[in-house]
Visitor: 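Here it is, the structure, as structure tokens.
Sequence lines set the chain letters: A, B, ... in the order given, protein chains first and strands last, and positions in each chain run from 1. None of the values given here were measured: they were computed from a predicted structure.
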Amino acid sequence: MTANLKTGASLPRRTAARLVAGKGRYTDDIQVAGLLHVAFVRSSYPHARLKRIETRAAADMPGVVAVLTGNDLAKVCAPWQTQLALLPSHLSPPQMPMAQGEACWQGEAIVAVVATSRALAEDATESVEIEWEELPVVADVQAAALADAPVVHSAMTSNLGLDHTVSTGDAEAAFRQAAVTVEHTFSFDRQTGVTLEPRTILAEFDPRLQQLTIHHSHQVPHQMRDIFAAQLKLPLSNVRVVAPDVGGAFGLKLAAYPDEMAVATIAVLLERPVKFCADRLEAFVSDNHAREAKVHGRMAVDADGRLTAMDVSVVSGFGAYSAYPRGSVGEALQAVHMVAAPYKMAHLRGRVRGYFQNKPPSGVLRAVGQPIATTVTEQLLDLAARRLSLDPAELRRRNYVDTATATARSAGGIVLAELSLERCHDRLLQLMDYATLRQQQRMHRDKGIYRGIGLAAFIEQTAVGPTLYGAQNVRASAQETCRLTLEADGAIRCATSITDQGQGTSTALAQIVADALGVDIETVEIATGDTQLTPFGGGAWASRGTALGGEAALRAARKLKESVLGIAGALLQTEPDLLKIEDGRIYNTASPLPQMSLADIATTAYFKAHLVALTELPALEITESFAPRDLPYVAANGIQAAHVEVDVELGTIRVLDFWVVDDCGRVINPLLVDEQIRGGVVQGIGAALYEQCIYGADGQLENGSLVDYLVPMASEMPDIHVAHVQTPTSATTLGARGVGEAGTVGAAAAIWTAVNDALTPFGVVLSEQPFTPERVLDALAARKD
Amino acid sequence: MKAPAFAYRRPDELAEALSLLADDGAQVLAGGQSLIASLNMRLSAPALLVDINRIGALRGIEDRADGIRIGALVRHVDVLHSPVIARQVPLLAMALPHVAHMAVRNRGTTCGSLALADPSAEMPALAVTLNAKIVLEKQGARRTVAARDFFQGLYQTDRQDDEMITEVIFPRAADDEVFGFAELARRHGDFATVGIAVRARRSGDTLENLDVVIFGSEATPLLSPATSALRIAADATAPMLADMAEAITATMEPMENHQGRADTKRKQAAVLLRRTFRDMQSRAFAGKGNGHD
Ligand SMILES: Cc1cc2nc3c(=O)[nH]c(=O)nc-3n(C[C@H](O)[C@H](O)[C@H](O)COP(=O)(O)OP(=O)(O)OC[C@H]3O[C@@H](n4cnc5c(N)ncnc54)[C@H](O)[C@@H]3O)c2cc1C
């Protein structure tokens, strides 16, 4: 083809320059006449009965239009309840936009003050009086599990929300026969997504047309349209949800949040436009949290270093309610099912229990549970390597499951296909010069400098299909759709169900469409995020944008090309097979001169169709959908490595270098893929070293600001070197796998193995994430005694 | 996170600012890097903000007979890049790279930091180490307080509500003085978990007259009372320096918080001190073959 092929080229994100220049148009930037603002009174108690709510004084404050309670909103909004068909024991009480009668976490919205400005609304919140009766609090997961624990919500009979087991092969026998058995306990502190743009929603209701229009900082506008319509009892076609520029999402903007439902409800109730933009403190106490888990893991290895069995027990924290509509079980299930996914291992025994707690609901966060499974597996492998006096890289090399078929399954049931773990591994060792680093490590140790090298191989579930939520009876679409239109001026309009919160999928789609059609990429316009303008589909979740949205776009582009060439053939009186499109112009393969342009085709088809000598005019607007239906998801794989230095006197950890070799199949845009991997790695490093929602035993969040909740910052981050192995998936014609979560799946594990490798001379293995200086010093002190 | 309503004035003259400050509920707005955040979080609700940013008399770093003067409008960034400071108050120059990030340093002021008296801030600790003179003015009155008498408790100082810190005067470093500074922060630019500042005099083969201040962990900068007998000899060994560090940290009363327990901070302070002593020793006696561990 032509030299200016876009697929595989590192084109910068289309929106990058605009966003960096401060020209973003986020939900909070949208101007609406007569706009009202909402500020919430939130529960300061993790668990309390609402005995009396007095709103009169607040209602009399300047600028206040309404002060509303849960009971007021219940007149318009129906309750919802998270239910998962395959997990009937995952029982979360019905939820309302604001608490009625009982608050179950610190931060739950209780009263909404609606005023002409946010500042006035906040002023008035201080005049709302609530009489509380404190109820017993269950904060810690282990406390929630106790037989005599109080219940998180008075409608529940037990805090247990999940008890699930996995049993493959005969783990017990494998442990009996193992040459080496290792075990360790792992604790993962709660974290949250910390999006730069907080959750924001603007709701407008037109009572004449009964139409609800919502601008929403969200990943899945089609899902939210379905939910708003159902809860507010409006016909689906009367609801429009638009996600404009969205400043980060990471999975936390996948849920239907009660306070956001409240805003939509208020718009309907008051028939006035209303907006809510969470401030940072509200974000910390009301965004979904994730990762809270305690794990005990055991691993059995034979004398040749072959992994034979694992036994894992996971306790996961759900928060007060199960996130709607996807539930809060994803993290817990993945933590068990994904263990040892990259390795040949015949026997697995796993049990996972999840408990409700008086804390904000937990939901999905980039990589959902996979980082936990990867950390447990990789750390145990390192411990086994030590016991066998084998190099950790060599131990892994002996165990990879490099399957070429599409039917292999890991012991945890993970469907594996067309993997490249061995190639990724070899490439990584070469990239990082593993042997030299090991040598230097020994030299440094002699000088009292403790450096560690950590590896983490991983499988990433990407491009998840309908079997995940479809089977649970959850209305979260897994299908992605592209509607491609030849515009009257010859440009291409690509409306996609995929949404973009900074990933750059719009750019990747433009590349795919430009190449498949043979047009200048500048003439391809991408429309996303608006349920009125884009076809129905999933949006952004489970690393699907380019893999699935790109596949739909490719299929649509190929069909549109056929239509265009069909019409061109008729006009030029040539067989369409002898025509091609390059740079938006139609050529006869026999001649170097362009015959006509796409604009000519559009003009003829749209205004002078009588000139086209075809009985049926081929469609110039094509809609194609795609969802993987033979596979539950498309597995991607890779390996990461961290090089760290631990200051064993201060307890501090410096990440010196980081490497990733990833196989996301066909790379459509290396720049975007590398951005995704680096961002994901940074999030994983954040988890291992910095991020934690610190709750007291009383259920109060003690670090609800960015001064105290530490996110990874540029000055602490190492260079992250990325290389690719490309094994196109046969599940699509495009061949791209997902990559959005790859970095996060493995990075924390690589930090765990690296830090613990550095501490080997002390015989210390850390077990609590994040590795704060105090935790490092405590572990060292406990060992020295 | 919107501030409650307040009145706002931005006078051009110091006298006018001081007369505005005489009103109840009036508060100085300097760089705003701490104050604006606390307003937005509704942690404070002043009736009137007196913005001092237009008052020319408060600008400038000056090399004066009584020391190096830093006016109330001098930003952290000005101090960081000042050749006068680098030469005359090297301890400040050593510490400034640890103060916040560039954006905050561009606006935050030295005097604002002293007025705020955040326990984790560097400026109060350095002022105590060097016993800087803090100049306070109110309508019709001016007084000077030694930094060692100024800090009274967590965010508490000797300053009255109607007083402004108009300048701080740091003593000029003497030729025989040697300084050391170190701090532990989780991320670069974060407030310190624990930090130390040291001044000593070189006399022959020893460093003596040690002033050691520990901050971050304490409610106010802690000037160690345990240093009068301590000396760092050119040939002091690491264990000797470690013993000194431990004698000093024994007097700490660290606050427990998410950055760590008291014992952890004491342990970390001792490490910082030992390393800083070692560093000062090698700078003071460079080429003298110090350090037999
Ligand atoms: C992200 C971030 C990180 C930071 N990290 C650090 C750090 O590592 N180390 C550090 O030391 N600081 C740090 N700071 C704080 C920064 O240095 C502040 O700017 C400084 O503490 C206060 O100076 P200011 O001029 O901004 O004061 P303002 O915010 O304007 O005022 C602070 C308080 O002091 C009062 N005040 C100010 N000036 C005067 C005056 N001349 N007389 C009387 N009262 C006055 C005000 O009324 C107010 O009560 C950080 C700030 C941020 C936002």
Visitor: Look at B:K2, B:H188, B:R187, B:Q259 and state which one has the largest set of heavy-atom pairs under 4.5 Å with chain A.
Guide: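 Going by pairs under 4.5 Å, I would pick B:R187.
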
Visitor: Could you check whether atom CG of A:D446 has more than 12 heavy atoms from other residues, nucleotides or ligands sitting under 6.0 Å from it?
Guide: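 Atom CG in A:D446 is packed in, count exceeds 12.
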
Visitor: Is chain A contacted by the side chain of B:D190, its backbone, both, or neither, given a heavy-atom distance below 4.5 Å?
Guide: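 Contact with chain A: side chain only.
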
Visitor: When heavy-atom pairs shorter than 4.5 Å are enumerated against chain B, which of A:E282, A:M713, A:R775, A:R280 gives the highest number?
Guide: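 The residue among A:E282, A:M713, A:R775, A:R280 with the greatest pair count is A:M713.
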
Visitor: Which answer fits A:V776, side chain, backbone, both or neither, if we ask what part of it has an atom under 4.5 Å from a heavy atom of chain B?
Guide: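 Neither part, no heavy atoms under 4.5 Å.
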
Visitor: Any sub-3.5 Å donor-acceptor pair from B:R186's side-chain atoms to A:T772's backbone N or O?
Guide: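 Checked: no pair found.
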
Visitor: Out of A:L120, A:L650, A:L281, A:D708, return the one with the most heavy atom pairs under 4.5 angstrom to chain B.
Guide: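 Option with the greatest count: A:L650.
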
Visitor: Checking heavy atoms, do the side chain of A:I653, its backbone, both or neither come under 4.5 Å from chain B?
Guide: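 Looking at A:I653, nothing touches chain B.
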
Visitor: Within a 6.0 Å radius of atom CD on B:E256, are there more than 12 heavy atoms belonging to other residues, nucleotides or ligands?
Guide: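 Enclosed.
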
Visitor: Which value, rounded to the nearest 0.5 Å, describes the distance between B:D263 atom CG and A:D778 atom CG?
Guide: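 It is 7.0 Å, given to the nearest 0.5 Å.
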
Visitor: Looking at B:M1, is its backbone amide N or carbonyl O close enough to the side chain of A:E122 to form a donor-acceptor pair, meaning the two atoms are under 3.5 Å apart?
Guide: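 Such a contact is found between A:E122 side chain and B:M1 backbone.
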
Visitor: Considering non-hydrogen atoms only, spot the tightest contact between A:A119 and B:A3 and give its length.
Guide: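 For A:A119 versus B:A3, the nearest heavy atoms are CB-O, 4.5 Å.
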
Visitor: When heavy-atom pairs shorter than 4.5 Å are enumerated against chain B, which of A:G651, A:P773, A:A39 gives the highest number?
Guide: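 Looking at each of A:G651, A:P773, A:A39 in turn, A:P773 comes out on top.
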
Visitor: Please classify the contact between B:K267 and chain A as side chain, backbone, both or neither, with a heavy-atom cut-off of under 4.5 Å.
Guide: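 B:K267 touches chain A through side-chain heavy atoms alone.
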
Visitor: For each of B:H101, B:R274, B:M41, tally heavy-atom pairs with chain A at distances under 4.5 Å, and name the one with the top tally.
Guide: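 Going by pairs under 4.5 Å, I would pick B:R274.
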
Visitor: Among B:R266, B:K265, B:R261, which one satisfies salt bridge (Lys or Arg N to Asp or Glu O under 4.0 Å) with A:E774?
Guide: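 Per the salt bridge (Lys or Arg N to Asp or Glu O under 4.0 Å) rule, the option paired with A:E774 is B:R261, out of B:R266, B:K265, B:R261.
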
